[in-house]
Amino acid sequence: MPDCDRPQTCRASRSAGSSACPRPAARNPETAKPAPRNAQAGAGDDSRFAHGPLAVLDADADGRVSAYCVGGLVLDVPADSLPSLVEWTLAEARLGQPRLSGAGRDADPLVVLTRSALERFGLPTELTDEERLAGRLPEGHPAVGRLGRADWKLTRRGFGPWARIYRPAQGSTRSCVQLCIPSWDALDSRHWGDAADLPPAELAQLLGIYASRVMTPRGSTAVTGLELMTALHPPTRASAPDAAGVRHREHNPGSLGTDPVDPAPCEAPDGHPLLADLPRFHQRTAAETLREEAYDWARPLTDAECLRRNLVGIDVNMAFAAGANGLVVGLGAPTRVLRPAFDPKLPGSWLVDLSHVDLSRVKSGKEWVDLDGTLLPSPFTPTGERPEGPAWYATPTVAYAVELGYEVSPVEAYVRYDNGRYLDGWYGRLRDAYVATMADLGVPADASPAEFLTAMDGHRLRDPQLAIAVSAIKATVKGGIGKLRERPRGEGWKPGKPWRALARPTWRPDIRAAVISRTRTNMHRKIVKHAAFTGQYPVAVLSDCAVYAVDGEGPLDFLPYREGKPLPGGWRLGVSPGMVKHEGTQSVLWGEGIREQYDAPELNLARYIKDGTVTGTDNGE
């Protein structure tokens with residue numbers, strides 16, 4: 001057994017199979033599960049990060065602090081104050097993760113503090129109501145003062161659930177540590193389940209899986225989703241050596257650059273400085289603002305559908321990730337064009353009248369098909385209602401109108417000639433993370449439709465921690481797209497006050513709109529294919545879920561598979577992004593019953609199809 005180069009701080013867990021240190025095994029080794037495939041995040045051959053991307057710190061009754069790392073490794077932490085903890089993390093812990101792009105930077109070490117560790121380092125175990133509202137400790141808190149006296153700084157977000165402690169970089173050397181504090185709600189239970197209550201070793205393992213497959217968390221799943229875009233496409237890179245052999249920073253082609261760009265006026269949400277001259281209380285119309293949002297549409301059942309037995313919901317896996325795949329988006333500022341010829345390859349926002357598109361007769365592929373247009377949602381509005389006149393649309397929406405066989409004549413457009421497939425790498429990493437984690441849960445990508453449905457039944461119970469990782473990965477997709485148009489928070493914000501997100505190059509409402517536009521039209525394309533082939537129409541669509549009235553119990557009872565092969569261009573069962581899974585089945589009587597109970601004939605049943613529980617209604621009751 002080789003000698004340990006840091007015997008005073010390292011205790012290798014035998015449960016993880018380590019031979020790095022002759023010291024006894026970690027305490028509570030039963031809580032340290034063997035590392036799943038690819039769970040040793042960021043170690044590789046880089047000795048700087050030999051102990052993985054992160055550590056969860058916990059203190060015992062005697063005040064002894066231990067750092068639980070990925071794979072079962074446990075380190076003794078000699079630090080007795082917050083500044084010394086930061087110093088130890090950077091000098092001895094060997095935590096971090098290699099960069100995801102050659103032009104990027106390595107991930108800073110992440111230290112997670114349990115309640116006992118917070119007490120040990122003089123921090124509150126919970127924030128007060130006032131501190132929670134502010135999202136941080138007050139600047140006069142003793143812990144903040146101790147960091148300042150030791151020449152450590154905090155970012156503008158302050159000392160909150162995801163605090164970053166740093167000193168200004170010296171050349172290419174960074175000195176930065178990130179803290180995650182679960183008891184301050186750093187791990188949102190909507191996305192991380194009960195992760196905050198896991199024992200330290202199990203929490204380290206869970207976060208390590210996420211770090212290895214996505215990236216070391218940089219904040220909420222939404223923040224991490226946005227940071228992943230930048231990590232994969234850094235704004236700058238090193239130039240070729242000049243005559244003196246010196247390299248300089250230059251723009252990295254295909255990235256969003258280092259400077260923020262203003263949106264087109266139609267892309268700016270209410271309150272944006274570009275709209276400061278609008279009259280007070282002015283309500284912008286569809287001809288003034290871009291409204292690309294996910295579906296929220298439903299209709300009453302027909303008489304024939306009322307005679308069916310069940311309502312079956314199908315849900316698109318990682319729909320927004322699939323919408324980002326291969327999507328060409330703008331990289332720079334928009335250019336205004338009057339009376340432009342529509343170009344489906346040019347990303348932008350187009351003012352065009354699509355009210356003439358008749359869904360009763362559309363092109364599906366190369367053939368015209370006749371449909372019952374009254375049973376279909378419009379692909380051009382999130383409510384599914386037919387547009388009444390000119391409105392602003394993102395490129396994928398207008399391109400879909402052309403695909404359906406109709407001419408378009410834009411009045412005006414804001415287009416982006418500097419463009420590219422910025423989100424491809426982002427999509428690929430999150431797709432691989434999702435598919436690999438689902439495979440670990442027993443849902444392989446190559447399963448047949450029947451095998452897939454069987455594997456999905458109860459898959460979350462096979463390993464609750466991996467199920468949490470799946471939830472976090474999915475939230476990273478949705479949250480990352482949402483962050484592209486982040487709005488100011490807090491009841492005290494008013495137009496004219498600082499809107500910090502606008503200073504980011506990644507504040508890009510046009511990219512968000514394009515992704516949602518493509519996701520919605522992808523959904524509609526499959527609905528049309530299915531209706532043209534089977535005569536079946538959805539009764540409700542909510543974001544990525546569609547509900548059909550059928551006689552069967554599940555998707556295989558109404559999806560048109562032939563010899564195991566799906567309808568080309570239609571719904572397809574499977575685990576990959578863009579494919580669908582069974583969301584839930586309820587009886588038609590259930591659906592009609594709750595609509596009657598709430599006097600809401602168009603209540604969106606897709607919202608409640610999963611388990612049948614109605615916690616609120618579309619009419620506000």
Side-chain angles (χ1 to χ4, degrees), residues 6 8-16 18 20-21 23-35 39-41 50-96 108-127 143 159-163 165 177-187 189 192-211 216-217 464-465 468:
R6 229 172 234 92
Q8 77 278 14
T9 61
C10 176
R11 300 194 312 281
S13 170
R14 292 194 183 105
S15 68
S18 172
C21 179
R23 298 288 296 274
R27 293 189 299 275
N28 300 325
E30 67 276 8
T31 64
K33 295 184 178 180
Q40 282 286 6
H51 297 155
L54 56 92
V56 179
L57 269 58
D58 193 55
D60 62 20
D62 297 327
R64 183 185 184 189
V65 181
S66 299
Y68 293 80
C69 305
V70 177
L73 182 72
V74 181
L75 306 176
D76 284 323
V77 181
D80 58 2
S81 67
L82 199 56
S84 63
L85 172 62
V86 177
E87 297 278 4
W88 172 84
T89 301
L90 292 170
E92 296 189 58
R94 296 166 71 181
L95 297 173
D108 297 320
L110 174 64
V111 175
V112 184
L113 300 178
T114 63
R115 288 176 178 269
S116 61
L118 289 171
E119 292 176 343
R120 177 68 180 81
F121 292 111
L123 294 167
T125 57
E126 293 183 357
L127 297 178
F159 204 126
W162 291 93
I165 304 171
V177 172
Q178 176 151 322
L179 302 183
C180 167
I181 306 177
S183 65
W184 294 5
D185 297 327
L187 301 176
S189 60
W192 288 101
D194 61 355
D197 300 322
L198 290 174
E202 293 185 23
L203 179 56
Q205 199 69 10
L206 169 61
L207 294 176
I209 293 169
Y210 181 88
T216 303
Q465 287 186 35
I468 293 174

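Small disclaimer: the values here were computed from a predicted structure and weren't measured.
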Exercise. Determine, step by step, whether Leu57 and Phe121 satisfy the side-chain contact (heavy atoms from CB on, under 4.5 Å) criterion, reporting the C-alpha distance in whole Å, the side-chain angles of both residues, the deciding distance to 0.1 Å, and the verdict.
Key: CA-CA 11 Å; Leu57 269 58; Phe121 292 111; 4.2 Å; yes
Exercise. Could you walk me through whether Asp60 and Val65 pass side-chain contact (heavy atoms from CB on, under 4.5 Å), step by step?
Key: CA-CA 7 Å; Asp60 62 20; Val65 181; over 6 Å; no
Exercise. Might you work through the side-chain contact (heavy atoms from CB on, under 4.5 Å) test for Tyr68 and Leu75, ending with a clear yes or no?
Key: CA-CA 7 Å; Tyr68 293 80; Leu75 306 176; over 6 Å; no
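Residues satisfying the side-chain contact (heavy atoms from CB on, under 4.5 Å) criterion with Glu87, sequence neighbours excluded, are Trp152, Arg167. For Ser189, there are no side-chain contact (heavy atoms from CB on, under 4.5 Å) partners, not counting sequence neighbours. Partners of Ala186 under the side-chain contact (heavy atoms from CB on, under 4.5 Å) rule, at least two apart in sequence or in another chain, are Pro161, Trp162, Cys180. Annotation: side-chain hydrogen bond (donor to acceptor under 3.5 Å, both in side chains) contacts of Thr216 (sequence neighbours excluded): Gln97. Legend: residues meeting side-chain contact (heavy atoms from CB on, under 4.5 Å) with Asp197, ordered by chain and number and at least two apart, are Asp194. The side-chain hydrogen bond (donor to acceptor under 3.5 Å, both in side chains) search around Thr125 returns none, not counting sequence neighbours.
For the residue pair Gln465 / Glu202, a side-chain donor-acceptor distance below 3.5 Å is found, with atom types taken as modelled. Side-chain atoms of Ser66 and Asp58 form no donor-acceptor pair, as typed in the model, at a separation below 3.5 Å.
When atom types are taken as modelled, the side chain of Arg120 and the backbone of Gly63 share a donor-acceptor pair closer than 3.5 angstrom. Side-chain N or O atoms of Asp62 include none that pairs as donor or acceptor with a backbone N or O of Arg64 at under 3.5 Å. The backbone N or O of Ala79 sits nowhere less than 3.5 Å from a side-chain atom of Ser84 that would complete a donor-acceptor pair. Glu126 contributes no side-chain N or O that, together with a main-chain N or O of Trp184, makes up a donor-acceptor pair within less than 3.5 Å. Checking side-chain atoms of His51 against main-chain N and O of Leu95 turns up no donor-acceptor pair under 3.5 Å.
No option in Leu110, Val70, Leu207 other than Val70 meets the side-chain contact (heavy atoms from CB on, under 4.5 Å) test with Pro53. None of Val56, Leu179, Val77, Ile165 except one satisfies the side-chain contact (heavy atoms from CB on, under 4.5 Å) rule with Val111; the exception is Leu179. Pro182 pairs with exactly one of Leu118, Val112, Leu113 by the side-chain contact (heavy atoms from CB on, under 4.5 Å) rule, that one being Val112.
Between the CD1 atom in Ile181 and the OG1 atom in Thr114 there is a gap of 10.5 Å [rounded to 0.5 Å]. From Leu123, atom CG reaches atom CZ of Phe159 across 4.5 Å, with rounding to the nearest 0.5 Å. Rounding to the nearest 0.5 angstrom, the gap separating the CG atom in Leu54 from the CD atom in Gln205 is 9.5 Å.
In terms of heavy-atom proximity, Leu90 sits nearest to Pro109 at CD2-CG, 4.2 Å.
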